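Reviewing the structure listed below.
Being a predicted model, the structure only gives us computed values, none of them experimental.
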Amino acid sequence: MRQGLRVLGVAIRTEKAVFTLAVLFSSLYGAMTVASSWALGWATDNAVLPAFAAGEAAGGALAAGALFILGTAVLKALGVAGRRFFAGVMQYRMQARSRRGVTRQYLRLPLAWHHRHPTGQLLSNASADAEAAWAPLAPLPMAVGVVVMLVTAAVALLLTDLMLALVGFLIFPAIALLNLVYQRRLSPLATRAQQLRAEVSEIAHESFDGALVVKTLGREDTEAARFQAKAHELRDANIAVGRVRGLFDPVLEALPTLGVLAVLLVGAVRLEGGAISAGTLVEVAYLFTLLSFPIRALGWVLAELPRAVVGHERVRAVLEATGSMEYGTAALDGEGPARLEVRGLGYSYGDFPVLSGVDFEVGPGRTVALVGPTGSGKSTLVQTFVRLVDPAEGAVLIDGTDLREVARGGVSGAVALVPQQAFLFDDTVRGNVTLGLPVDDQEVWAALRLAQAEGFVSALPSGLDTRVGERGTSLSGGQRQRLALARALVRRPRLLVLDDATSSVDPQVEAKILAGLRDAAASPAAATVVVVAYRMATIALADEVVYLEHGRVVDRGPHEELLARCAGYRNLVTAYEREEAEREALGADEEPGGIGGIDGIDGAGDIDGIGTDEEVSA
């Protein structure tokens, strides 16, 4: 209860003006509801009973009673309309504020934090949890307003007849006990249901993302069964919540009715004894009938509190998550290609070290290839260049400025990363290249030309206006990679980082792309280029190669020099060519009965001279 009231307090402090207006209209409704009981009692004593006694109705008394009841009804309707409008405004504003806060926090938090939290859970935090946190706000102004009605009615009861009021007030301790039992039963069930919503969302997201794998491997039934099992858990959890609420609501409804029955029973005895009049008994009974509504209104708020507390806690866990990046005030406003320096860089995933003591620099306008076996830390290293993650040790500097000292948005304005997995939005070619950047079509075509994408884009049905489908499904892998490259180039970065970004592109086309990037005259803006590469042809185009093993720089220098002096580098970059050559030899010399005696391939199928599975994979 305390946690729930704190959640409501946050909303009240945030939306003071709207909440005040909602409560004022709700109070008007409550006051007019009580006034209608006075109107009914007055009409009973001054119009109805005299009419029965005289055998005819007095026109003036009936008109006065009708106007009294009609006036209170009009004001009550105005209170209902105002209360509902401002309560809705308050609720939806708080939900929108929570969603914006959560999504902004997602953008602030580093990539390492996202690695630890499933996408389905993050979606649930921004949707279901944000809604649940502020669900009690819809009935809250009504509940607060009817407290006025409750107090007014209680005072009226005490002034009308003390004994009947005390009899009726016995329902309040019963309501308090009922709420205590309800909160303790529902809170753990609501917590479980909210967690299961996130898990169902997570499974659905994984299945949609992995649709190609699921379909090609014939795992549709398995995925459907996995989703069904979790969905059934959520169903059962929601049923358990509904069962508890289903018991709470009718009992809460019944308590005021029991109070009315008790009042009528005692009131009938007092009426017979002459202690009260018939009008007084009607007024008191009607007041207690009215009490059932404020009690229900309070019950609606109480019923939503456990779920609201759970939703608010889950949203707050995101908003209070640590690890968000700090920014400085420096700017990367230099002209032309940037200088990149990596000094003593180290990084770990938890307790697992990935990079250690990495040192090298890339001069302005030069092209450097990062080469290493799988798991050597290349992708993590290039993520530090664009500050997706910050190094645990050392620093990354551009033009002598530590990236941690650069102002927000400064790094993305000077550095562009093109990852291997090219993501395209369900938008036009133009929209995917510009992503809202205010550039004209001439600049878009220039970037497409440099990315060797001009030809296939021109052949599309609507050119730049062709929609590429969700994730670019209407394009090939190489075409998607070239559009992603054009997206980076149109921003004219001073440092361009390619994380195996041309792996799906034909080698001849790749050579043209890299040659164009090296030629400052052909580029929209000359840039320093760092490329993670595996192909010999790609690596050979670089001015220098940095070779990594186990998260450390083992050697660096021109490609030909590394081939001559570094055995690990030589084995890695020539593995593909040697394997192809040996396969050709195998096709010419193979005899029936197997390949066990072929030189260069051992019995396990490994190529001689390659020391690790990672190198074979590369």
Side-chain angles (χ1 to χ4, degrees), residues 1 4-40 68-97 131-159 168-169 171-172 175-176 179 245 248-249 252-253 255-257 259-260 283 286-309 312:
M1 176 67 75
L5 293 177
R6 281 197 292 269
V7 173
L8 298 180
V10 170
I12 293 170
R13 289 191 297 272
T14 305
E15 294 288 347
K16 298 184 186 72
V18 177
F19 177 73
T20 300
L21 288 171
V23 169
L24 287 175
F25 277 103
S26 183
S27 301
L28 174 63
Y29 164 79
M32 289 303 102
T33 302
V34 174
S36 65
S37 72
W38 296 337
L40 187 60
F68 195 0
I69 294 172
L70 181 61
T72 56
V74 170
L75 291 175
K76 185 162 64 172
L78 180 63
V80 170
R83 180 201 72 217
R84 288 183 176 179
F85 175 78
F86 288 108
V89 169
M90 181 180 181
Q91 181 184 23
Y92 297 135
R93 279 188 178 180
M94 291 303 299
Q95 289 177 350
R97 185 176 283 106
E131 289 181 6
W134 309 116
L137 296 185
L140 177 63
M142 179 171 60
V144 174
V146 296
V147 168
V148 176
M149 171 181 167
L150 198 62
V151 172
T152 307
V155 172
L157 284 169
L158 291 171
L159 293 176
F169 289 165
I171 64 172
F172 291 109
I175 291 173
N179 180 65
R245 293 190 64 172
F248 173 73
D249 289 343
L252 191 67
E253 290 270 355
L255 285 176
T257 305
V260 171
E283 182 178 341
Y286 183 66
L287 282 171
F288 266 103
T289 303
L290 294 179
L291 288 180
S292 64
F293 182 76
I295 290 172
R296 282 202 303 274
L298 293 172
W300 293 334
V301 175
L302 296 175
E304 292 291 346
L305 278 186
R307 183 165 166 253
V309 170
H312 186 260

Derivation and outcome, side-chain contact (heavy atoms from CB on, under 4.5 Å), residues Val89 and Arg93: CA-CA 6 Å; Val89 169; Arg93 279 188 178 180; 3.6 Å; yes
Rounded at 0.5 Å granularity, tell me how far CG in Leu78 sits from CZ in Arg83. 11.5 Å
Working to the nearest 0.5 angstrom, can you tell me the gap between Leu21 CG and Glu15 CD? 11.0 Å
Report, as yes or no, whether the 6.0 Å neighbourhood of atom CZ on Arg97 holds more than 12 heavy atoms from other residues, nucleotides or ligands. yes
Rounded to the nearest 0.5 Å, the CZ atom of Phe19 sits from the OG1 atom of Thr14 at a distance of 12.0 Å
Could you walk me through whether Val80 and Phe25 pass side-chain contact (heavy atoms from CB on, under 4.5 Å), step by step? CA-CA 7 Å; Val80 170; Phe25 277 103; over 6 Å; no
Which heavy atom of Ala87 sits nearest a heavy atom of Ala22, and at what distance? N-CB, 4.0 Å
Note, Val7 side chain near Trp134 side chain (heavy atom, < 4.5 Å): yes
What's the verdict on side-chain contact (heavy atoms from CB on, under 4.5 Å) for Arg13 and Val10, showing C-alpha distance, side-chain angles and the deciding distance? CA-CA 5 Å; Arg13 289 191 297 272; Val10 170; 3.6 Å; yes
Within this structure, what is the CE-CD1 distance for the pair Met94 and Ile12, rounded to the nearest 0.5 Å? 10.0 Å
